[in-house]
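Read through the structure below, which is laid out as structure tokens, and then see the notes.
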Amino acid sequence: MSQNSQAPRGEMVKIMLNGAEVQADPHWSLLEAIQFYGIDIPTLCHDEGLTPYGVCRLCVVEIGSGDKTKLVASCMHPVWEGLEVRTHSNRVIKTRKTILELLIARCPSSKKLQDMAALLELKEVRFEPLNDDCILCGLCVRMCEEQMGAKAIGFAGRGPERYITTPFDMNSEECRKCGACMYICPVVELRCQGPQAETVLCSGCINTEPVCAPDYGEAMCFMVPCLSCVKGPEDVK
Amino acid sequence: MKVISAKELEDLRNEILAGKDQDKPCIAVCGGPGCLANQCLEVRDAFVNEIAAKGLTDKVDVRTTGCHGFCERGPIALIYPQEIFYQRLSIDDIPEIIEQTIVNNKTIDRLLYTDDEAGQLVETEGEVPFYKKQMRLILGNNSKIDPHSIEDYIAIGGYSALVKVLGGMQPMDVVDEIKNSGIRGRGGGGFPTGRKWESTRNAQGDIKYVICNADEGDPGAFMDRSILEGNPHSVLEGMIIGAYAIGSNEGYVYVRNEYPLALKNINLAIKQAREAGLLGDNILGSGFGFDLKVNRGGGAFVCGESTALMASLEGKPGEPRAKYIHTSDKGLWDRPSNLNNVETWANIPLIINNGADWYSAIGTESSKGTKVFSLVGKINNTGLVEVPMGMTLREIIFDIGGGIPDGKAFKAVQTGGPSGGCIPESLIDLPVDYDRLTEVGSMMGSGGMIVMDEDTCMVDVALYFINFLMEESCGKCVPCREGLLRMGEILTNITEGRGRMEDLDLIQDLSEVLKDASLCGLGQTAPNPVMSTLKYFRDEYEAHIKDHKCPAGVCTELITYSIDADNCTGCGLCLKKCPAEAITGETKQPHVLDAGKCIKCGICYDVCKFDAVIKE
Ligand SMILES: Cc1cc2nc3c(=O)[nH]c(=O)nc-3n(C[C@H](O)[C@H](O)[C@H](O)COP(=O)(O)O)c2cc1C
Ligand code: SF4
Ligand code: SF4
Ligand code: SF4
Ligand code: SF4
Ligand code: SF4
Ligand code: SF4
Ligand code: FES
Ligand code: FES
């Protein structure tokens, strides 16, 4: 969605993406720019057709330079002239892994999360599994409201007590039983029942030999979805 | 009483002052939150009735005011014009005060404050050690005015800053004055106020808003409440000036729902200001118009966060959103909006009246002016204190706060609200300003100060704040919702003896993710209580984990009680009091405590007069 509407259409801005200067449309979100250049970063609460929500925080990237860098959710962040972005710095990778660890501990049965864990080489989940079946990404809520015009579901509760429900927790008249919410739910598909189905993490099917430079904080790498390079001692925990 | 020009306001002020007899006795009874809990309204009524009974109604005024600061000593009354400070009043004292002090001009020693150090009674407020070191630019007026009277505010110079601004300052001059003063926001982040005003002023849009954040959700904090209750016009005056500088004609005051008196007083102040022509169209004939609405808070701590507050004002759930586009560009209803804290607004008239140079001479290099703190916890003088930035923690806690009760040792002070850090004894000489507090792993926040003594377990403290933040988290983003839940689990395990040394690394990882990747300030600052206690009190964490001991004797799962047969006289008191029937023994014989039955309530430990019950 366009975030930065002040700039006139058609004029591109330059951004530094993993050390390479590239052009970006100022109406793009940072995630759109990153994806345009073929770099794969994980997202969970984002969908092209829906308003960005910025809550899973898996799409974090590091922006800025020197010691003034910070992590931002790229799906919500605008692009502007001179923006410096690193999509796979050590700090980014470590943060994504811990977030995914928290998500898998909440919802270990999801295929999508397990696949992501394999890609990110998550080796360990240090929390007790909760076996919940919703990660509160809000995609279903936005889908129902924005695409189906139904507003049949929403959030209730706060903090760890937050959950998805119908108004007043009652069977909703508004629901058209269209199934769009289930279609978009990222965790509705169950993980395969492989040899270690009862463990929190499977991650058995990934080749993890390092093949490239130890990390590519400033260099450009298009080996997606490889990521076997991000295996510095502090990355794998 | 509509004033349509600066001159008319001046005339009005002179008229009010001429009508006031400066020597007429006035009894200013504190009606602040602390004193209210101590029946100050009954004391106030007793004054009124006694004065009437003595036929003195025309000769003596009684004023109900906002908090005087020294809440520990409430109910408090100041007797003007001498400024005699009477404390811990009860209704039985009132006839004597009228008889002795008002009629016969004699002070009553019993009701004065005793300066223990100097070993003498002190008569006036200014001599009380609690007040001596303070600089009460904001709070000092509370005792001088009735918050329900715009005349009182005008009499002490109120709205003269507004006159100055509308009478010849260009909006940019006002912004520059605020920028040059160096004032930073008092609500949490410490963002330079002048720069915020400038951004909002420069933002594109015809309609802009100024908003006052009076949501004050920190447990134990009541500085904003006391300003709004005690001197609402000072906040209004600041907001009108800010609106003029920014180019806004509409504003909001967002008041915490649990503050009915603050709501009442600000609503009344707005009504009075409207009637006086200080709000509405064409204020003081300047052509500038501005008006305000009051909204009740959404009832959650996170509603005080700027984007959540604006969502709540729009009638949506009070949840934060990403702030990559600043609220000064797109805030309330996507229009440029300038949000400041109550105390920030209350500082504005002072800066305009006295000038940026005067203001910036107070405080430190990076932090200007005074700051109000609510001093609570294990401290003798609980209350609200206002000190120049840069005063050391030692001065605040010991000179003003009077130190720790019961001769206990100071252990740490937590500053900045629930997501502030705990600062240890070794840093007691730290000057309090925004940057120094951040450097040591805490923050200014809105000015909470919770003092802890030697009996405090720092792991337990960290757990308490994490649980508070977890419950107050909106639950929208993963790092905060899931991270705080896990942090709480880990800390609970440690306090219950199930901790592992690896947990300390896990806490570190979680803290980094919370700080780096949370959506709003709540999650971003939430690790402070844990990280600071882990940094300064790591040995306590290790004692819980490795030795299964709580050094402060707080974590019940880790303490055991037993009876030392050598000291026990067999008096039987503990046996009688124990709710679990865990103690047995014959009279005059050493008693025995059955650890299996003991529920660790600590009653036996408290009641034994012979130190025979051992807690370890
Ligand atoms: C969780 C959270 C709660 C907050 N609560 C308050 C509050 O109760 N009052 C307040 O003035 N600021 C609060 N803030 C800070 C506001 O977001 C905002 O920074 C402030 O009101 C701006 O005013 P200032 O620049 O005058 O400080 C809170 C911030 C966070 C992250
Ligand atoms: S099935 Fe019902 S709840 Fe789901 S998207 Fe359709 S209308 Fe909404
Ligand atoms: S039900 Fe599915 S889509 Fe909806 S919030 Fe939960 S995980 Fe997301
Ligand atoms: S290792 Fe086995 S269980 Fe795990 S994802 Fe691969 S196939 Fe499924
Ligand atoms: S950091 Fe916490 S309070 Fe803030 S948006 Fe995320 S979940 Fe809500
Ligand atoms: S109260 Fe103390 S002295 Fe008395 S019986 Fe109990 S342990 Fe012994
Ligand atoms: S701690 Fe409480 S339950 Fe245990 S022995 Fe003492 S009084 Fe009884
Ligand atoms: S995809 Fe950006 S926060 Fe979820
Ligand atoms: S409430 Fe009376 S002194 Fe604070």
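Residue numbers start from 1 in every chain, and the chains themselves are labelled A, B, ... in the order their sequence lines are given, proteins ahead of strands.
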Are the side chains of [X] and [Y] in touch, meaning some heavy atoms are under 4.5 Å apart?
X	Y	answer
B:R486	A:E128	yes
A:F127	B:L485	no
A:I99	B:P479	yes
A:L44	B:V478	no

For the atom pair [atom1] ([X]) and [atom2] ([Y]), what is the distance rounded to the nearest 0.5 Å?
X	Y	atom1	atom2	answer
A:R162	B:C474	CZ	SG	5.5 Å
B:R481	A:E161	CZ	CD	11.5 Å
B:K476	A:C137	NZ	SG	13.0 Å
A:T95	B:K515	OG1	NZ	11.0 Å
A:L71	B:S518	CG	OG	10.5 Å

query = Is the side chain of B:Y324 donor-acceptor paired with the backbone N or O of A:A73 at a distance under 3.5 Å, no angle test?
reply = yes
Salt-bridge contact [X]-[Y] (side-chain N to carboxylate O under 4.0 Å):
X	Y	result
B:E472	A:R158	yes
B:E482	A:R57	no
B:E512	A:K94	yes
A:R91	B:D516	yes
B:D509	A:R126	yes

Nearest heavy-atom neighbours spanning [X] and [Y]:
X	Y	value
B:L510	A:T98	CD2-CG2, 4.4 Å
B:L519	A:G54	CD1-O, 3.3 Å
A:P78	B:I325	CG-CG1, 4.5 Å

query = Heavy-atom count around B:D206 CG within 6.0 Å, excluding the residue itself: above 12?
reply = no
ask   = When heavy-atom pairs shorter than 4.5 Å are enumerated against chain B, which of A:G138, A:G157, A:P160 gives the highest number?
value = A:P160
request  = Could you have a look at A:L130, A:V60, A:I135 and say which one has the most heavy-atom pairs with chain B under 4.5 angstrom?
outcome  = A:L130
query = Side chain, backbone, both or neither: which part of A:L58 has an atom under 4.5 Å from a heavy atom of chain B?
reply = neither
task = Among B:E489, B:R321, B:E319, B:E502, single out the residue with the greatest number of heavy-atom pairs under 4.5 Å to chain A.
result = B:E319
